[in-house]
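Computed from a predicted model, the values in this text were never measured in an experiment.
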Amino acid sequence: MSQIHSSDTRDRQIAQGSGSDPAPLMRIRSISKTYPGQVALDRAALEIRPGEVHALVGQNGSGKSTLIKLLAGYVKADHGADLEFLGQSVDLWGMPSDIRRRISIVHQDLGLVPTLSTIENLGLGLGYETGPGGRIRWRAEAKAAQDALLRFGLAPDVRQPVATLSAAERAAVAIVRALKGWDDLDDRRGLLILDEPTASLDRGEVDALFREVRRVVDQGAGVLFVSHMLDEVLGLADRVTVLRDGRVVAAGVPVGELDEAELIRLIVGRPVDDLYPSTPVRTGRAVLEAEMVFGITLRGVGLKIHRGEVLGVAGLVGSGRDELAGALFGMTPRFAGKVLVDKTKVFVSPRDSIRAGIAFVPADRKALGLDPEERLVRHVPLPRLGGFQRRGVLAQRALRADVAGWVEDLEVQPPLLDRRMEKFSGGNQQKAVLARWLRTEPKVLLLDEPTQGVDIGAKAAIYRKIAEAAAEGMAVLVASSDAEELVHLCDRVLVMRAGMITNELFGESLTEERLVAETLRTSSNRRMMKTAREPVRVTVIRDDTDAPMVDIDDAVDEVAPPPAPAVRGGRFSAWVRRAAQRFGAGRGGVQR
């Protein structure tokens with residue numbers, strides 16, 4: 001096994017370019033991939049060393065996903081690809097199994113079977129430990145799974161379906177499965193590829209993941225880390241390679257030579273000082289009003305969004321922030337309350353919401369926001385086709401021209417109208433979803449995590465369209481977990497906890513530090529409730545006594561159970577008394 005250097009020593013050697021650097025784990029001198037009408041990857045070069053985290057960054061559509069598919073052997077590279085792994089020339093399309101097992105990939109969707117348990121998912125494709133007669137040793141498999149997940153600081157029930165696990169637990173299961181094939185190798189030199197592994201994790205879960213990544217690196221493996229989170233890239237990676245338009249524009253740059261501004265310039269090709277456009281606030285009358293809205297987690301939410309205003313909603317997962325936009329649109333259940341658009345009530349239905357002028361861009365664009373099999377030219381105009389129909393026939397030329405204008409305005413790349421949506425990158429899919437709703441000219445635009453999983457260039461385009469929509473008088477709601485995004489984009493921000501709005505920040509109080517502090521506060525949401533010092537004592541009220549009046553302010557969350565009433569006679573006597581009370585009450589009182 002090659003010598004494993006400490007992190008500080010490795011960083012110093014990389015920065016100095018010393019001759020004692022370890023031999024590359026993988027060296028790509030030239031690799032290309034061409035699709036009809038598009039060069040997805042153009043003679044890309046990459047070098048990954050053992051014992052380092054190498055970040056691969058770039059905008060959506062820059063070629064990152066194509067490179068990962070080539071390394072996985074999912075697609076075949078163009079003729080002339082020159083690649084070495086562990087010092088020998090290899091063909092990714094026909095790689096021997098003993099080398100293939102040393103390249104493990106954790107995709108963004110994790111690739112787990114939700115109905116199977118953690119134990120079963122870990123054994124897929126790798127097999128299980130067996131005993132006499134070939135029977136699977138489930139106890140041993142369960143213990144091994146638990147021990148592996150404990151390294152992440154997680155202890156889920158490994159016998160339950162992975163669909164019941166948290167996002168961090170599922171990510172840990174995927175990484176453990178990716179590394180399971182290395183357990184019986186004496187030489188742990190291998191390549192672990194992480195494709196957007198932190199997209200659905202919170203800060204604590206990300207830290208646990210990074211600790212495990214460093215453990216893998218310290219054993220001599222190399223990690224190719226693909227992420228849009230630039231702070232994570234600068235905090236975890238040793239070197240960075242930047243792709244732009246299918247070409248490598250910066251190869252293996254030490255992170256010590258980069259800051260966030262320089263990294264953005266390399267990714268986009270220009271400084272992005274105007275990431276958050278500055279527009280004057282010109283709010284008018286209230287367009288959307290919500291009163292006492294109850295949902296799965298919502299508890300009496302009320303709000304107003306004014307004409308020309310961008311209203312933000314912040315909160316942790318489960319606070320109601322991730323449910324609010326869908327409930328206002330009618331996508332998720334709304335059990336009580338009402339929503340008004342221009343003082344007109346909107347029923348709990350996406351159809352009625354669209355007719356009232358509400359547009360909704362969901363957080364899960366793949367499952368709820370688009371049809372992956374539909375082509376771009378048919379996807380964008382779906383909500384409104386009336387203007388292009390002539391006697392029941394679509395005017396195809398005019399429709400294509402209209403879609404082409406929106407594609408150009410939102411910078412969808414590549415601008416191929418007949419390409420299926422599933423073939424576009426995540427950022428360009430999100431642009432297409434936004435274009436589809438903006439062309440309906442809605443009165444209210446509801447956005448749930450509008451820039452989740454998109455690159456810095458796509459973010460700038462989306463922010464620009466949001467600002468333009470508000471400047472044209474649209475009422476916009478942005479529900480987001482990104483505090484920086486909310487502070488720079490919104491005029492006001494509502495903070496949610498436990499299904500309720502607990503604070504409103506605007507003006508000078510709307511800062512990133514204040515917003516994060518309010519989001520993470522753990523004080524009780526029952527501060528408006530009065531609680532008695534002593535439990536309420538409940539006594540049985542007989543027919544010949546007066547019932548005391550109980551003040552509602554004396555109510556408490558937990559009420560002592562009443563003592564069992566004295567029962568006279570048997571069941572028949574009790575039935576007679578209940579019947580007498582029921583019929584007697586109808587004549588003005590209980591008859592004795």
Side-chain angles (χ1 to χ4, degrees), residues 60 107-112 114-115 163 166-167 170 196 199-201 228 288 290 293 295-298 301 313 315 317-335 339 346-385 406 410 412 419-440 442 444-454 458-459 462 465-466 469 476-482 485 496:
N60 286 325
H107 297 280
Q108 185 173 351
D109 60 4
L110 302 182
L112 302 176
T115 56
S166 68
R170 291 195 296 271
E196 297 286 351
S200 57
L201 306 184
H228 291 308
L288 182 141
V293 173
I296 299 174
T297 57
L298 302 179
V301 173
V313 180
V317 174
S319 64
R321 180 261 304 165
D322 44 357
E323 182 188 348
L324 180 59
L328 295 177
F329 185 70
M331 178 71 74
T332 56
R334 193 167 77 227
F335 303 129
V339 174
V346 181
F347 293 96
V348 190
S349 163
R351 181 188 298 271
D352 290 325
S353 296
I354 294 172
R355 288 174 176 173
I358 303 178
F360 174 49
V361 177
D364 191 350
R365 61 175 173 268
K366 291 185 177 179
L368 303 174
L370 56 86
D371 181 357
E373 298 293 332
E374 191 63 86
R375 300 187 186 277
L376 178 62
V377 70
R378 294 183 178 273
H379 166 81
V380 173
L382 275 178
R384 191 181 69 180
L385 292 169
W406 282 99
L410 278 134
V412 179
R419 194 180 199 185
R420 292 202 304 269
M421 293 301 302
E422 63 182 354
K423 298 296 184 181
F424 287 95
S425 63
N428 288 296
Q429 287 177 350
Q430 188 74 342
K431 292 177 186 178
V433 173
L434 185 60
R436 182 176 68 176
W437 288 110
L438 287 176
R439 68 179 297 277
T440 66
V444 181
L445 179 62
L446 306 177
L447 303 170
D448 190 0
E449 297 287 5
T451 60
Q452 179 175 268
V454 306
K459 282 185 179 181
I462 292 172
K465 292 306 297 184
I466 292 174
V476 183
L477 181 141
V478 177
S480 175
S481 56
D482 189 336
E485 178 175 270
M496 297 192 67

Trainee: Test Asp448 against Val361 for side-chain contact (heavy atoms from CB on, under 4.5 Å), laying out the working first.
Mentor: CA-CA 6 Å; Asp448 190 0; Val361 177; over 6 Å; no
Trainee: Quick one: side-chain hydrogen bond (donor to acceptor under 3.5 Å, both in side chains) pairs with a partner in residues 317-332, sequence neighbours left out?
Mentor: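 Residue pairs passing side-chain hydrogen bond (donor to acceptor under 3.5 Å, both in side chains), neighbours aside: Thr297-Glu323, Arg321-Glu449.
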Trainee: With rounding to the nearest 0.5 angstrom, report the CZ to NZ distance, Arg375 to Lys423.
Mentor: 10.5 Å
Trainee: Set out, in order, the CA-CA distance, both residues' side-chain angles and the distance that settles side chain to side chain donor-acceptor pair (under 3.5 Å) for Gln430 and Thr451, then state yes or no.
Mentor: CA-CA 8 Å; Gln430 188 74 342; Thr451 60; over 6 Å; no
Trainee: On a heavy-atom basis, which atom in Leu410 and which in Lys431 lie closest, and how many Å separate them?
Mentor: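 That would be O-CD, 3.0 Å.
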Trainee: Could you go step by step and tell me if Leu328 and Ile358 meet the side-chain contact (heavy atoms from CB on, under 4.5 Å) rule?
Mentor: CA-CA 9 Å; Leu328 295 177; Ile358 303 178; over 6 Å; no
Trainee: What do the steps show when you test Leu477 against Leu445 for side-chain contact (heavy atoms from CB on, under 4.5 Å), and what is the final call?
Mentor: CA-CA 6 Å; Leu477 181 141; Leu445 179 62; over 6 Å; no
Trainee: Once salt bridge (Lys or Arg N to Asp or Glu O under 4.0 Å) is applied, do any residues pair with Arg420, and if so which ones, sequence neighbours excluded?
Mentor: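 If we apply the salt bridge (Lys or Arg N to Asp or Glu O under 4.0 Å) test to Arg420, skipping adjacent residues, the hits are Glu373, Glu422.
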Trainee: Report the residues that fulfil ring pair (Phe, Tyr, Trp, His ring centres under 6.0 Å) with Phe424, sequence neighbours left out, ordered by chain and then residue number.
Mentor: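 By the ring pair (Phe, Tyr, Trp, His ring centres under 6.0 Å) rule, Phe424 matches no residue at all.
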Trainee: Please walk me through it: do Val478 and Val313 pass side-chain contact (heavy atoms from CB on, under 4.5 Å)?
Mentor: CA-CA 6 Å; Val478 177; Val313 180; over 6 Å; no
Trainee: What pairs with Arg378 under side-chain hydrogen bond (donor to acceptor under 3.5 Å, both in side chains), at least two apart in sequence or on another chain?
Mentor: none
Trainee: Report the distance from atom CZ of Phe360 to atom CD1 of Ile354, rounding to the nearest 0.5 Å.
Mentor: 11.0 Å
Trainee: Can you tell if the side chain of Leu298 reaches within under 4.5 Å of the side chain of Ile296, non-hydrogen atoms only?
Mentor: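 Side chain of Leu298 against side chain of Ile296, heavy atoms only: no contact under 4.5 Å found.
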Trainee: Let me confirm one number: the CG-CH2 distance from Leu447 to Trp437, rounded to the nearest 0.5 Å.
Mentor: 11.5 Å
Trainee: Which atoms form the tightest heavy-atom contact between His379 and Asp371, and what is the distance?
Mentor: ND1-N, 4.3 Å
Trainee: In chain order, what residues pass the salt bridge (Lys or Arg N to Asp or Glu O under 4.0 Å) check against Arg334, with sequence neighbours excluded?
Mentor: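 If we apply the salt bridge (Lys or Arg N to Asp or Glu O under 4.0 Å) test to Arg334, skipping adjacent residues, there are no hits.
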Trainee: Distance from Gln452 atom CD to Asp364 atom CG, nearest 0.5 Å?
Mentor: 8.5 Å
Trainee: List the atom pairs, with distances to 0.1 Å, where a side-chain N or O of residues 346-353 and a protein N or O form a donor-acceptor pair under 3.5 Å, not counting sequence neighbours.
Mentor:
from   : atom 1 : to     : atom 2 : distance (Å)
Ser349 : OG     : Arg351 : N      : 3.3
Ser353 : OG     : Phe329 : O      : 2.6
Ser353 : OG     : Ser349 : O      : 3.1

Trainee: Quick one: closest heavy-atom pair of Glu485 and Ser480, and the distance?
Mentor: OE2-OG, 2.7 Å
Trainee: At their closest point, which heavy atom of Pro333 faces which heavy atom of Ala327, and how far apart are they?
Mentor: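 Taking every non-hydrogen atom into account, O-CB, 4.3 Å.
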Trainee: Over all heavy atoms of both residues, which pair between Ala469 and Leu438 is shortest? Give the atoms and the distance, please.
Mentor: CB-CD2, 4.3 Å
Trainee: How far apart are the closest heavy atoms of Ala432 and Val380, and which atoms are they?
Mentor: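 Looking at all heavy atoms of both residues, the shortest contact is O-CG2, 4.2 Å.
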Trainee: Return the CD1 to NZ distance between Ile466 and Lys459, rounded to the nearest 0.5 Å.
Mentor: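 With rounding to 0.5 Å, CD1 (Ile466) is 11.5 Å from NZ (Lys459).
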